[in-house]
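Each remark here refers to the structure printed beneath this line.
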Amino acid sequence: MASSACVTDMARAAACRDGAAAAHLKVVSIFVIFVTSVAGMSLPVLLAGVFRGKPLYDKAIVVIKCFAAGVILSTSLVHVLPDAYAALADCQVASRHPWKDFPFSGLVTLVGALLALLVDLAASSHVEHAQYAPVVGQEKELELGGGCHGSGGDGERGEELAKLKQRLVSQVLEIGIIFHSVIIGVTMGMSQNVCTIRPLVAALAFHQIFEGMGLGGCVAQAGFSFGTIAYMCLMFAVTTPMGIILGMALFSLTGYDDSNPNALILEGLLGSVSSGILIYMALVDLIAVDFFHNKLMNSTPPLKKISFLALTLGSAAMSILALWA
(Lines give C-alpha, C1' and ligand atoms only; values in the text may rest on other atoms or scores of the structure.)
Protein backbone atom coordinates (compact mmCIF):
# COMPACT_ATOMS: atom_id res chain seq x y z
CA MET A 1 0.00 0.00 0.00
CA ALA A 2 2.79 2.42 0.98
CA SER A 3 4.82 1.50 -2.11
CA SER A 4 1.84 2.19 -4.42
CA ALA A 5 1.36 5.62 -2.78
CA CYS A 6 5.05 6.28 -3.28
CA VAL A 7 4.78 5.43 -6.99
CA THR A 8 1.73 7.72 -7.30
CA ASP A 9 3.60 10.62 -5.65
CA MET A 10 6.59 10.13 -7.94
CA ALA A 11 4.35 10.05 -11.03
CA ARG A 12 2.64 13.29 -9.97
CA ALA A 13 6.03 14.97 -9.42
CA ALA A 14 7.27 13.78 -12.82
CA ALA A 15 4.26 15.38 -14.54
CA CYS A 16 5.17 18.77 -12.99
CA ARG A 17 8.86 18.68 -13.99
CA ASP A 18 9.82 21.45 -16.43
CA GLY A 19 13.46 22.53 -16.20
CA ALA A 20 13.18 25.69 -18.35
CA ALA A 21 10.08 27.04 -16.59
CA ALA A 22 11.55 26.16 -13.19
CA ALA A 23 14.77 28.05 -13.98
CA HIS A 24 12.80 31.14 -15.01
CA LEU A 25 10.78 31.07 -11.79
CA LYS A 26 13.95 30.72 -9.73
CA VAL A 27 15.57 33.76 -11.35
CA VAL A 28 12.45 35.82 -10.60
CA SER A 29 12.37 34.53 -7.03
CA ILE A 30 16.00 35.57 -6.41
CA PHE A 31 15.20 39.25 -6.99
CA VAL A 32 11.79 39.15 -5.29
CA ILE A 33 13.12 37.43 -2.15
CA PHE A 34 16.10 39.78 -1.90
CA VAL A 35 13.91 42.90 -2.04
CA THR A 36 11.31 41.57 0.42
CA SER A 37 14.03 40.41 2.83
CA VAL A 38 15.62 43.87 2.90
CA ALA A 39 12.21 45.52 3.35
CA GLY A 40 11.14 43.15 6.14
CA MET A 41 14.27 43.54 8.25
CA SER A 42 14.69 47.27 7.62
CA LEU A 43 11.15 48.21 8.69
CA PRO A 44 11.51 47.58 12.49
CA VAL A 45 14.98 49.16 12.48
CA LEU A 46 13.68 52.30 10.73
CA LEU A 47 10.67 52.50 13.05
CA ALA A 48 12.99 52.22 16.05
CA GLY A 49 15.08 55.06 14.64
CA VAL A 50 11.99 57.26 14.18
CA PHE A 51 10.69 56.66 17.71
CA ARG A 52 14.11 56.72 19.42
CA GLY A 53 14.20 59.27 22.23
CA LYS A 54 10.41 59.65 22.30
CA PRO A 55 8.18 58.59 25.23
CA LEU A 56 6.71 55.61 23.41
CA TYR A 57 10.07 54.29 22.17
CA ASP A 58 10.65 51.61 24.85
CA LYS A 59 7.05 50.40 24.67
CA ALA A 60 7.09 50.25 20.85
CA ILE A 61 10.30 48.21 20.91
CA VAL A 62 8.77 45.71 23.35
CA VAL A 63 5.66 45.29 21.18
CA ILE A 64 7.74 44.88 18.00
CA LYS A 65 9.94 42.32 19.74
CA CYS A 66 6.89 40.32 20.90
CA PHE A 67 5.51 40.29 17.36
CA ALA A 68 8.95 39.09 16.25
CA ALA A 69 8.95 36.32 18.84
CA GLY A 70 5.59 35.09 17.54
CA VAL A 71 6.90 35.05 13.98
CA ILE A 72 10.02 33.10 14.94
CA LEU A 73 8.15 30.59 17.14
CA SER A 74 5.63 29.97 14.36
CA THR A 75 8.45 29.66 11.81
CA SER A 76 10.07 26.91 13.85
CA LEU A 77 6.93 24.94 14.77
CA VAL A 78 4.69 25.44 11.71
CA HIS A 79 7.23 25.74 8.87
CA VAL A 80 10.66 24.29 9.68
CA LEU A 81 9.83 21.29 11.88
CA PRO A 82 6.95 19.91 9.73
CA ASP A 83 9.12 20.24 6.59
CA ALA A 84 11.97 18.41 8.31
CA TYR A 85 9.60 15.68 9.50
CA ALA A 86 8.08 15.37 6.01
CA ALA A 87 11.53 15.02 4.44
CA LEU A 88 12.49 12.16 6.79
CA ALA A 89 9.01 10.60 6.48
CA ASP A 90 9.16 10.55 2.68
CA CYS A 91 8.43 7.09 1.33
CA GLN A 92 11.93 6.85 -0.20
CA VAL A 93 13.53 7.52 3.20
CA ALA A 94 11.08 6.02 5.70
CA SER A 95 11.28 2.61 4.01
CA ARG A 96 15.00 2.30 4.89
CA HIS A 97 16.94 1.60 8.08
CA PRO A 98 17.46 3.33 10.47
CA TRP A 99 15.07 6.09 9.41
CA LYS A 100 11.94 3.97 9.80
CA ASP A 101 12.96 2.78 13.25
CA PHE A 102 13.17 6.05 15.19
CA PRO A 103 11.73 9.63 15.10
CA PHE A 104 14.99 11.29 14.12
CA SER A 105 13.41 14.68 13.36
CA GLY A 106 12.34 15.05 17.00
CA LEU A 107 15.70 13.82 18.30
CA VAL A 108 17.71 16.22 16.15
CA THR A 109 15.38 19.10 17.09
CA LEU A 110 16.16 18.30 20.72
CA VAL A 111 19.88 18.32 19.90
CA GLY A 112 19.48 21.73 18.21
CA ALA A 113 17.76 23.17 21.29
CA LEU A 114 20.48 21.80 23.58
CA LEU A 115 23.19 23.19 21.31
CA ALA A 116 21.52 26.61 21.41
CA LEU A 117 21.44 26.39 25.22
CA LEU A 118 25.12 25.44 25.31
CA VAL A 119 26.09 28.35 23.07
CA ASP A 120 23.90 30.69 25.11
CA LEU A 121 25.47 29.59 28.40
CA ALA A 122 29.03 29.78 27.11
CA ALA A 123 28.57 33.17 25.47
CA SER A 124 26.70 34.63 28.46
CA SER A 125 29.43 33.45 30.82
CA HIS A 126 32.09 34.99 28.57
CA VAL A 127 30.19 38.31 28.32
CA GLU A 128 29.66 38.55 32.08
CA HIS A 129 33.30 37.71 32.82
CA ALA A 130 34.59 40.21 30.27
CA GLN A 131 32.24 42.91 31.62
CA TYR A 132 32.86 42.38 35.34
CA ALA A 133 36.63 41.91 35.26
CA PRO A 134 37.45 45.60 34.64
CA VAL A 135 34.65 46.67 37.00
CA VAL A 136 36.15 44.67 39.88
CA GLY A 137 39.49 46.35 39.23
CA GLN A 138 37.86 49.78 39.33
CA GLU A 139 36.10 48.96 42.60
CA LYS A 140 39.39 47.91 44.21
CA GLU A 141 41.00 51.13 43.11
CA LEU A 142 38.11 53.13 44.59
CA GLU A 143 38.38 51.24 47.89
CA LEU A 144 42.12 51.88 48.12
CA GLY A 145 41.53 55.53 47.32
CA GLY A 146 38.79 55.89 49.91
CA GLY A 147 36.05 56.26 47.31
CA CYS A 148 32.69 54.60 47.17
CA HIS A 149 30.71 52.88 44.43
CA GLY A 150 27.06 53.89 44.31
CA SER A 151 24.02 51.99 43.19
CA GLY A 152 23.98 54.04 39.98
CA GLY A 153 27.03 52.12 38.81
CA ASP A 154 25.26 48.83 39.47
CA GLY A 155 22.30 50.00 37.40
CA GLU A 156 24.55 51.03 34.53
CA ARG A 157 26.36 47.68 34.62
CA GLY A 158 23.02 45.86 34.60
CA GLU A 159 21.82 47.83 31.60
CA GLU A 160 25.08 47.23 29.77
CA LEU A 161 24.91 43.50 30.47
CA ALA A 162 21.30 43.43 29.25
CA LYS A 163 22.32 45.16 26.03
CA LEU A 164 25.24 42.76 25.51
CA LYS A 165 22.89 39.85 26.12
CA GLN A 166 20.42 41.24 23.56
CA ARG A 167 23.21 41.57 21.00
CA LEU A 168 24.19 37.96 21.64
CA VAL A 169 20.57 36.84 21.23
CA SER A 170 20.26 38.76 17.94
CA GLN A 171 23.43 37.21 16.54
CA VAL A 172 22.57 33.62 17.54
CA LEU A 173 19.03 34.16 16.25
CA GLU A 174 20.33 35.33 12.88
CA ILE A 175 22.54 32.23 12.67
CA GLY A 176 19.47 30.01 13.21
CA ILE A 177 17.42 31.94 10.66
CA ILE A 178 20.24 31.95 8.10
CA PHE A 179 20.62 28.20 8.58
CA HIS A 180 16.92 27.80 7.81
CA SER A 181 17.11 30.20 4.83
CA VAL A 182 20.00 28.28 3.25
CA ILE A 183 17.99 25.06 3.47
CA ILE A 184 14.96 26.71 1.82
CA GLY A 185 17.10 28.23 -0.94
CA VAL A 186 19.09 25.10 -1.79
CA THR A 187 15.97 22.93 -1.77
CA MET A 188 14.17 25.33 -4.10
CA GLY A 189 17.24 25.69 -6.32
CA MET A 190 17.57 21.94 -6.83
CA SER A 191 13.87 21.41 -7.47
CA GLN A 192 12.58 21.08 -11.04
CA ASN A 193 8.96 20.80 -9.92
CA VAL A 194 7.06 23.81 -11.34
CA CYS A 195 3.94 22.91 -9.37
CA THR A 196 5.94 23.36 -6.16
CA ILE A 197 8.04 26.39 -7.12
CA ARG A 198 5.26 28.60 -8.54
CA PRO A 199 3.31 29.09 -5.26
CA LEU A 200 6.57 29.21 -3.31
CA VAL A 201 7.74 32.43 -5.00
CA ALA A 202 4.90 34.53 -3.56
CA ALA A 203 4.74 32.62 -0.28
CA LEU A 204 8.49 32.98 0.36
CA ALA A 205 8.28 36.71 -0.33
CA PHE A 206 5.81 37.12 2.55
CA HIS A 207 7.77 34.58 4.58
CA GLN A 208 10.93 36.70 4.30
CA ILE A 209 9.03 39.89 5.17
CA PHE A 210 7.68 38.46 8.42
CA GLU A 211 10.88 36.63 9.32
CA GLY A 212 12.87 39.78 8.55
CA MET A 213 10.56 41.78 10.81
CA GLY A 214 11.18 39.23 13.54
CA LEU A 215 14.95 39.50 13.27
CA GLY A 216 14.83 43.26 12.72
CA GLY A 217 12.79 43.75 15.89
CA CYS A 218 15.49 42.02 17.94
CA VAL A 219 18.32 43.86 16.18
CA ALA A 220 16.60 47.22 16.74
CA GLN A 221 16.62 46.69 20.51
CA ALA A 222 20.23 45.50 20.64
CA GLY A 223 21.73 48.93 19.87
CA PHE A 224 24.15 47.83 17.15
CA SER A 225 26.08 50.38 15.11
CA PHE A 226 24.76 51.30 11.65
CA GLY A 227 27.51 49.27 9.97
CA THR A 228 26.68 46.13 11.96
CA ILE A 229 22.95 46.51 11.29
CA ALA A 230 23.61 46.96 7.56
CA TYR A 231 25.84 43.88 7.52
CA MET A 232 23.27 41.73 9.37
CA CYS A 233 20.53 42.96 7.03
CA LEU A 234 22.62 42.13 3.98
CA MET A 235 23.46 38.65 5.28
CA PHE A 236 19.79 37.92 5.92
CA ALA A 237 18.75 39.28 2.51
CA VAL A 238 21.30 37.38 0.41
CA THR A 239 21.17 34.00 2.19
CA THR A 240 18.06 32.58 0.53
CA PRO A 241 18.94 33.90 -2.98
CA MET A 242 22.47 32.51 -2.60
CA GLY A 243 20.96 29.20 -1.48
CA ILE A 244 18.79 29.15 -4.63
CA ILE A 245 21.82 29.85 -6.83
CA LEU A 246 23.80 27.13 -5.03
CA GLY A 247 20.94 24.66 -5.49
CA MET A 248 20.70 25.48 -9.21
CA ALA A 249 24.47 25.01 -9.56
CA LEU A 250 24.39 21.68 -7.73
CA PHE A 251 21.62 20.38 -9.96
CA SER A 252 23.35 21.66 -13.11
CA LEU A 253 26.68 20.06 -12.21
CA THR A 254 25.51 16.82 -10.65
CA GLY A 255 21.83 16.35 -11.54
CA TYR A 256 21.33 15.84 -7.80
CA ASP A 257 17.61 16.53 -7.45
CA ASP A 258 15.85 17.41 -4.20
CA SER A 259 13.77 14.22 -4.52
CA ASN A 260 16.92 12.12 -4.03
CA PRO A 261 16.72 10.16 -0.72
CA ASN A 262 20.11 11.43 0.47
CA ALA A 263 19.07 15.03 -0.25
CA LEU A 264 15.86 14.46 1.71
CA ILE A 265 17.81 13.07 4.66
CA LEU A 266 20.16 16.07 4.66
CA GLU A 267 17.22 18.48 4.39
CA GLY A 268 15.43 16.76 7.27
CA LEU A 269 18.43 16.74 9.60
CA LEU A 270 19.44 20.35 8.92
CA GLY A 271 15.84 21.52 9.21
CA SER A 272 15.46 19.74 12.55
CA VAL A 273 18.60 21.37 13.96
CA SER A 274 17.41 24.77 12.75
CA SER A 275 13.98 24.18 14.30
CA GLY A 276 15.51 23.33 17.68
CA ILE A 277 17.62 26.50 17.64
CA LEU A 278 14.66 28.73 16.73
CA ILE A 279 12.33 27.14 19.30
CA TYR A 280 14.88 27.70 22.07
CA MET A 281 15.59 31.29 21.02
CA ALA A 282 11.89 32.20 20.71
CA LEU A 283 10.79 30.70 24.03
CA VAL A 284 13.82 31.31 26.25
CA ASP A 285 15.59 34.42 24.96
CA LEU A 286 12.60 36.33 23.59
CA ILE A 287 9.23 35.39 25.12
CA ALA A 288 10.42 34.44 28.63
CA VAL A 289 12.73 37.46 28.91
CA ASP A 290 10.09 40.00 27.87
CA PHE A 291 7.08 38.58 29.69
CA PHE A 292 8.77 37.61 32.97
CA HIS A 293 11.94 39.70 33.31
CA ASN A 294 11.08 43.01 31.64
CA LYS A 295 10.64 45.76 34.27
CA LEU A 296 8.72 47.97 31.84
CA MET A 297 6.13 45.27 31.11
CA ASN A 298 5.77 44.33 34.78
CA SER A 299 5.17 47.96 35.74
CA THR A 300 2.65 48.54 32.93
CA PRO A 301 -0.07 45.81 32.93
CA PRO A 302 -1.83 47.10 29.76
CA LEU A 303 1.47 46.77 27.90
CA LYS A 304 1.55 43.07 28.78
CA LYS A 305 -1.86 42.58 27.15
CA ILE A 306 -0.81 44.49 24.03
CA SER A 307 2.42 42.50 23.87
CA PHE A 308 0.55 39.20 24.14
CA LEU A 309 -1.73 40.35 21.32
CA ALA A 310 1.35 41.22 19.23
CA LEU A 311 2.81 37.78 19.99
CA THR A 312 -0.44 36.14 18.88
CA LEU A 313 -0.66 38.23 15.70
CA GLY A 314 2.94 37.40 14.77
CA SER A 315 2.30 33.70 15.30
CA ALA A 316 -0.96 33.80 13.35
CA ALA A 317 0.50 35.78 10.42
CA MET A 318 3.36 33.34 9.98
CA SER A 319 1.15 30.29 10.50
CA ILE A 320 -1.29 31.35 7.75
CA LEU A 321 1.61 31.33 5.27
CA ALA A 322 1.92 27.57 5.86
CA LEU A 323 -1.08 27.21 3.53
CA TRP A 324 1.25 28.06 0.63
CA ALA A 325 4.81 27.47 1.86
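Shown here for Ser76 and Pro82, the closest heavy-atom pair between the two residues is O-CD, 4.4 Å. The heavy-atom pair separating Ala205 from Val32 by the smallest distance is CB-CG1, 3.8 Å. For the residue pair Ala116 and Tyr280, the shortest heavy atom distance occurs at CB-CD2, 3.6 Å. Residues Met297 and Asp290 share a closest heavy-atom pair of SD-O, 3.4 Å. When every heavy atom of Val93 is checked against every heavy atom of Ala87, the shortest pair comes out as CG2-O, 3.8 Å. Shortest non-hydrogen contact noted between Ala84 and Gly268 is CB-O, 3.4 Å.
Both Ile277 and Val284 belong to a single network of hydrophobic side chains, linked directly or stepwise wherever heavy atoms of I, L, V, M, F, W or Y lie under 4.5 Å apart. Cluster annotation: Val27 and Met188 are assigned to distinct hydrophobic clusters (Ile/Leu/Val/Met/Phe/Trp/Tyr, side-chain heavy-atom contacts under 4.5 Å, transitive). At a threshold of 4.5 Å between side-chain heavy atoms, the hydrophobic network of Ile, Leu, Val, Met, Phe, Trp and Tyr places Val289 and Phe308 in two separate groups. A continuous path of hydrophobic side-chain contacts links Leu107 to Leu117 [ILVMFWY only; heavy atoms under 4.5 Å]. At a threshold of 4.5 Å between side-chain heavy atoms, the hydrophobic network of Ile, Leu, Val, Met, Phe, Trp and Tyr places Met281 and Leu121 in one connected group.
With a 4.5 Å cut-off on side-chain heavy atoms, Leu118 and Leu114 do not count as touching. Considering only heavy atoms from C-beta on, Leu81 stays 4.5 Å or farther from Tyr85 through its side chain. Residues Leu77 and Leu278 have side chains not in contact (no heavy-atom distance under 4.5 Å, counting atoms from C-beta outward). Between Val80 and Thr75, some side-chain heavy-atom pair lies under the 4.5 Å cut-off. Ile244 places a side-chain heavy atom less than 4.5 Å from the side chain of Ile33. Looking at heavy atoms from C-beta onward, Tyr231 lies out of side-chain contact with Phe224 at the 4.5 angstrom threshold. Annotation: side chain of Phe236 is in contact with side chain of Gln208 (closest heavy-atom distance under 4.5 Å).
Within a 6.0 Å sphere centred on NZ of Lys59, other residues, nucleotides and ligands contribute 12 heavy atoms or fewer. Around the CZ atom of Phe291, the shell of radius 6.0 Å holds more than 12 heavy atoms that belong to other residues, nucleotides or ligands.
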Inset, instruction - Any chance you could lay out the side chain to side chain contact (heavy atoms under 4.5 Å, CB included) test for Leu303 and Val63, step after step, and finish with the verdict? - result: CA-CA 8 Å; Leu303 180 61; Val63 173; 3.9 Å; yes
Inset, instruction - With side chain to side chain contact (heavy atoms under 4.5 Å, CB included) as the test, would you mind laying out the steps for Leu246 and Met242 before giving the verdict? - result: CA-CA 6 Å; Leu246 177 60; Met242 290 299 294; over 6 Å; no
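For the side-chain contact (heavy atoms from CB on, under 4.5 Å) with Leu73, the qualifying choice from Leu286, Ile287, Leu311 is Ile287, the only one to do so.
Here the straight-line distance linking atom NE2 of His79 with atom CD1 of Ile72 works out to 12.5 Å at 0.5 Å rounding. If you take CD1 on Ile30 and CE on Met248, they are separated by 5.5 Å, rounding to the nearest 0.5 Å. From Ile306, atom CD1 reaches atom CZ of Phe67 across 15.0 Å, with rounding to the nearest 0.5 Å. A distance of 10.0 Å separates OG of Ser272 from CG of Asp83, quoted to the nearest 0.5 Å.
Under a 3.5 Å cut-off, the side chain of Lys26 and the backbone N or O of Gly189 do form a donor-acceptor pair. Of the possible donor and acceptor atoms, none in the side chain of Ser319 sits under 3.5 Å from a partner among the backbone N and O of Ser74. No side-chain donor-acceptor contact under 3.5 Å links Ser275 to the backbone of Gly271.
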